[in-house]
Amino acid sequence: MSQPFAKLPAWADYGLIPLVNLVVAFLVAGLVVLLVGENPIQAAGLMVKGAFGSGEGIGYTLYYATNFIFTGLCVAVAFHCGLFNIGGEGQAYLGGLGVSLACLAFGDFLPWWLTFPLAILGAALAGALWALIPAWLQARRGSHIVITTIMFNFIAASLMVYLLVGVLKPLASQAPETRVFGEGGQLPQLGWLLQMFGLQVRSAPLNVSFLLALASAFVVWVLIWRTRIGYEIRTMGFSPRAADYAGISQTRIIVITMMISGALAGMMALNPVMGAQHRMQLDFVSGAGFVGIAVALMGRSHPVGIVLAAILFGMLYQGGAEIAFDMPNISRDMIVIIQGLVILFAGALEHMFRPAIQRLFGRLSGSDLRATPIATGESH
Amino acid sequence: MAEAAIELVGIDKRFGMVHANRDIHLRIERGTIHGIIGENGAGKSTLMSILYGFYQADRGEIRVDGKKVVIADPNAAIAAGIGMVHQHFMLVENFTVLENVMLGVEGAPLLSKGIAKVRAELKRLEEDYELEVDPDALIEDLPLGLQQRVEILKALYRGADILILDEPTGVLTPAEADHLFRILRQLKEQGKTIVLITHKLREIKAVTDNVSVMRQGEIVATLKTADASVEELAELMVGRRVLLRVEKGEAKPGAVKLTVENLNVRDSRGCPAVDHVSFEVRAGEIVGIAGVAGNGQSELIETIAGIRRAVSGKVTLDGLAVDVTGKANPAELRQRGLAHVPEDRHHMGLVLAFDESENAILGYQDDKHFLKGPFLDVDAIRADAEAKIAQYDIRPADARLKTANFSGGNQQKIVLARELERDPSVLIVAQPTRGVDVGAIEFIHRRIIEMRDAGKAVLLVSVELDEIRSLSDRILVMFAGRIVGECGPEASEGEIGLLMAGVEQKAAAE
Ligand SMILES: Nc1ncnc2c1ncn2[C@@H]1O[C@H](COP(=O)(O)OP(=O)(O)OP(=O)(O)O)[C@@H](O)[C@H]1O
Ligand SMILES: [Mg+2]
C-alpha cells in the first residue's frame with residue numbers, strides 16, 4: 001500500500017522499481033527455461049511476439065488484461081481502506097451469475113446495448129452482495145476479512161457448481177454450463193478497433209467490456225481521490241483512530257468499500273461470459289481474482305498502474321500460451337511457474353529492492369531518502 | 001577547555017526546498033550535559049538524526065573523540081559509542097525488559113549465556129545509575145517513564161558513551177522527569193556525555209551545563225547555561241521577545257454551555273476510567289482539568305466528543321442532550337458547535353500520510369463548503385488550507401506537503417487552525433502545546449484566551465500544571481477517574497500537586 005514516509009521521485013517509484021522487479025523475475029524465469037533445455041532468449045522472443053506480434057495476439061492480450069483490470073481495481077479499492085480482499089475470485093464467479101441471469105432473461109429480445117447495462121448491474125450487484133457478508137462480519141464481529149473472503153471463494157465455487165450442473169443447465173445438455181445467450185446477450189467484439197491500425201484480429205475475443213474496464217479505472221481514480229467517500233476510505237485505511245475522530249463510521253465505510261470492491265470483481269465476469277463465450281461455463285474465472293492481487297500490488301493501487309500491470313499479465317497469459325505451443329519442452333505448467341515468478345517478484349516481493357534503490361538515490365542526490373522513523377516519531 | 005566528545009564541522013542538510021541544517025559547527029564537551037533548543041522546525045531532530053546515522057549530511061564531518069567518523073547507519077553510531085533514546089520508544093511490547101535489552105546483541109544462537117550476561121550487567125547498571133527496572137517485567141505493563149528507562153539501559157548496554165535524548169520529557173509526569181534528570185546527572189558523573197533536546201527551558205536550566213540555540217537551521221549561539229536567563233534563551237530562539245507569562249483579563253462567564261453529570265466510562269480493557277464525574281463549563285470561561293496522565297482525562301474528553309461510549313451519565317451541549325451512552329457521533333457534535341483538539345495528534349488528530357490541505361478538513365469532510373455534490377471541491381479545500389497556513393504561520397507554507405514532513409509544532413498548528421477557525425461554541429483542547437516551541441506556545445495560548453473572550457466555553461486538559469494554572473479560570477483536578485477537587489487559578493502548585501497525587505481536598509487544606 002502507500003508508503004507515506006519513503007520519498008523517491010515518482011518515476012523511480014512507479015517506473016524503476018517495478019521494472020527492476022520485472023527484470024529479476026524474467027532472469028529467474030530464464031534460468032528455469034534454461035534448466036529444461038530451451039533457449040530463454042528465444043522463449044522471451046516468442047512470448048513478446050505471441051502477445052504483441054499480431055492483431056490476434058494483441059486482441060488476446062487485451063482480453064486477458066480486461067479481466068485483470070477489474071480484479072486489480074477490486075483489490076486496490078479495498079487496500080485503500082486497509083482491507084485485504086482475497087475474495088475477488090468468488091465475487092467474480094458470483095458476478096457471472098448476475099450477468100447470466102440478465103442475459104438469459106433479456107438477451108433474446110433486447111438489443112445488446114440495452115442488455116449490457118442490465119448485465120453490468122447484475123454483475124456488480126451479485127459481486128457486491130457476495131462481498132457484503134464478509135464485510136459485515138469484519139465490521140461487526142471482527143472476523144478477519146482475509147479468512148472470510150477465502151472461505152467465501154470456496155462457498156462460491158460449490159454454489160456455482162450446484163447451479164451449473166442443475167438449475168442453469170439446459171435439460172438436454174451434458175456440459176455444466178448455461179445455454180448460449182441470445183443475440184442481445186452477446187457483446188460486440190472490438191476487432192474493428194484493431195483493424196483501424198491495420199491489424200488482423202481473426203478470432204480474438206476482445207470486446208466492449210475492455211472499454212468498460214478502462215472507464216472503471218477512471219471512475220475508481222475519481223472515487224478514491226476526488227470524492228468524499230474516497231476521502232473517508234483513505235482516512236480509514238491510514239488511521240482508523242483518525243476515522244473515529246472524524247466521525248466516520250468504521251462499519252459503514254468497511255461495508256461500502258467492500259461492496260464497491262466486490263462490484264468491481266463481479267464486473268470482471270462480463271468479459272468472458274457476455275463478451276467471449278456467450279454463456280457461463282464452469283470455472284470461467286480461472287484465477288483472475290488472485291492475479292488481481294499481484295496486479296494491484298504491482299500497480300501500487302493506482303488505476304494507471306493497474307491498467308499497465310494488467311496488460312503485462314495479459315501478455316504473460318497470451319505469450320505464455322504461445323510458448324507452450326511452440327516449445328515442446330515447455331509445458332503449460334512451466335508457464336504457470338513463470339507467471340508465478342512474476343507474481344512473486346512484482347507482487348509479493350514488491351519491496352525487496354526498494355531499500356537498495358533508495359540508498360542508491362540517497363547517495364546520488366546527496367540526501368537521504370530512507371523511510372524515516374524520526375520524521376514521524378519526533379516531537380509530540 | 002575539556003576535550004570534545006563530539007565535534008560537528010560544517011554539517012549541512014537539505015530536504016528538497018527546506019534547508020534543515022546550515023553549516024553547523026558544534027562542540028560537545030566530554031562529561032557534560034549539552035542542551036539544544038530551538039523553534040519547531042529549527043532542525044534539531046534532523047541534526048541528531050545525522051549524528052545517529054538516520055540521515056546522511058550533504059556536507060560536513062563528524063568527529064568523535066577527535067577522530068573523523070562516517071556514520072552510515074545506526075549500527076555505525078552504536079559502534080562509535082553513540083546511543084539514542086527515541087521519543088517514540090522502539091521496544092517490543094510483548095517482550096520482557098531483559099529480552100528487549102538483549103535484542104540484536106544475543107551473542108550466541110542459544111540464549112542462556114546471553115541472558116546470564118545481560119542479567120548481571122543490568123544489575124550493575126541499576127546500582128550505578130539508579131536505573132531500577134524489573135528485568136522480567138513485560139514492556140506493555142510498564143508506565144512510560146520506565147519504558148524510557150529501558151531505552152536508556154539498551155543504549156548503555158551497547159556501550160554508549162554519548163547519549164542523545166530527543167524531547168524525553170514530553171510523555172513523563174513531573175516526578176518521572178525529575179527521576180530522569182537524576183539519572184542523567186549520575187551518568188554525567190560517570191563521565192558520559194549527554195545531548196538533550198527539549199522545549200522546556202526550565203529543564204535546560206535545571207540540568208544542562210551548556211546550551212546551543214538553533215534557529216532556521218543554524219546554530220545562533222552556544223553558551224554556558226549558568227550565564228543565560230530563561231528569558232534570554234527564549235529571545236535567542238525566536239529572535240524576538242517572548243511573553244513567558246500569559247496575560248489575560250477577568251473572565252465573564254455567561255450561560256452554561258456544557259454540562260457533564262455523573263458520567264461513568266470504562267477504558268478499552270473494561271476497567272472503570274471515569275468515575276461519577278460531574279461539572280459544567282460556561283460561555284466565556286476556561287475550565288482546566290489537571291491531573292497526572294492516565295487518570296481518565298483521555299476517556300473523559302473522548303466521551304464528550306462522541307468518540308467513546310459511556311456506561312452511564314448525561315452530557316448536554318448548549319442545553320441539548322448528547323447521547324453519550326448510545327449514538328453520539330463526532331461529526332454530528334461538530335455540527336452542533338463542538339470543536340476538539342485531541343491529545344494524540346499523530347493517530348487521531350491528523351492522518352500523517354495526507355497532505356496538509358486534506359488534514360485541514362478532517363472531521364469537516366461533510367461540510368458543504370468543501371464539496372460539490374459527492375465530489376471534493378479541491379480548489380476550495382486548498383484555498384481554505386492556504387488561508388489557515390497564512391494566519392497561523394504554518395511552516396513550510398505548502399498546502400500540498402505531506403503532513404508527516406512538518407515538524408511537531410507545525411503539525412499541532414494544523415490541528416489548532418482547523419478546530420479553532422470554525423467558530424465553535426464549545427472547545428475541548430487536550431495538551432495544546434505538547435512538543436511546541438515557546439513562540440508557538442505564546443501564540444496558542446493567546447488564541448485560546450481570545451476564544452474565551454469571544455464567549456466560547458473552553459475545556460482544557462493538560463498534564464502541564466503551569467499551563468493549566470496560567471490559562472484556566474477554574475481548575476478541576478482528576479485522580480483515578482474522579483474529580484477530587486476544584487480550585488481557582490490562584491491555588492498554589494503544591495496544593496494542586498497534592499490533589500493530583502490523590503490526597504483529598506479537605507486533608508490537603510488542613
Ligand atoms: N523527511 C523529511 N522530508 C522533508 N522535510 C523534512 C523531513 N524531516 C524534516 N523536514 C523539515 O526539516 C525542517 C527541520 O525539521 P526538524 O524535525 O529537524 O525540526 P525540529 O527542530 O526537530 O522541530 P520540532 O521542535 O518541531 O521537533 C522542518 O522544516 C521539517 O519540515
Ligand atoms: Mg524535533
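Each chain gets a letter, A, B and so on, in the order its sequence line appears, and its residues count up from 1.
By number of non-hydrogen pairs under 4.5 angstrom with chain A, the leading residue of B:Leu333, B:Asp366, B:Leu371 is B:Asp366. Counting heavy-atom pairs under 4.5 Å between each of B:Ala305, B:Ala331, B:Pro330 and chain A puts B:Pro330 at the top. Comparing B:Ile361, B:Ile307, B:Asp377, B:Thr403 by how many heavy-atom pairs each has under 4.5 Å with chain A, the most go to B:Ile361. Interface remark: of the candidates B:Gln431, B:Arg308, B:Arg418, B:Arg418 forms the most heavy-atom pairs closer than 4.5 Å to chain A.
Taking CG from A:Asp244 and CD from B:Glu302, the interatomic distance works out to 8.5 Å, rounded to the nearest 0.5 Å. Rounded to the nearest 0.5 Å, atoms NE2 (B:His347) and CZ (A:Arg241) are 7.5 Å apart. Annotation: the span from B:Gln365 atom CD to A:Ile229 atom CD1 amounts to 10.0 Å, rounded to 0.5 Å.
Heavy atoms of B:Leu362 lying under 4.5 Å from chain A belong to its backbone as well as its side chain. For B:Arg334, the part lying under 4.5 angstrom from a heavy atom of chain A is the side chain only. Heavy-atom distances place the backbone of B:Leu350, and not its side chain, under 4.5 Å from chain A.
Using a distance-only test at 3.5 Å, with no hydrogens or angles considered, no donor-acceptor pair links the side chain of A:Ser239 to the main chain of B:Val351.
Every residue was checked against the salt bridge (Lys or Arg N to Asp or Glu O under 4.0 Å) condition with A:Arg140, not counting sequence neighbours, and none meets it. Judged as a salt bridge (Lys or Arg N to Asp or Glu O under 4.0 Å), and not counting sequence neighbours, B:Arg22 has no contacts. When the salt bridge (Lys or Arg N to Asp or Glu O under 4.0 Å) test is applied to B:Asp355, no partner is found at least two apart in sequence or on another chain.
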Show your working on side-chain contact (heavy atoms from CB on, under 4.5 Å) between B:Phe375 and A:Arg228 and close with a plain yes or no. CA-CA 6 Å; B:Phe375 300 103; A:Arg228 187 182 75 182; over 6 Å; no
Take A:Trp225 and B:Val378 through the side-chain contact (heavy atoms from CB on, under 4.5 Å) test and state the conclusion after the steps. CA-CA 10 Å; A:Trp225 281 284; B:Val378 179; over 6 Å; no
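Counting heavy atoms from C-beta on, the side chains of B:Glu358 and A:Tyr231 come closer than 4.5 Å.
The contact list for residues 245-264 of chain A toward chain B, using heavy atoms and a distance under 4.5 Å, reads A:Tyr245, A:Ala246, A:Gly247, A:Ile248 by residue number.
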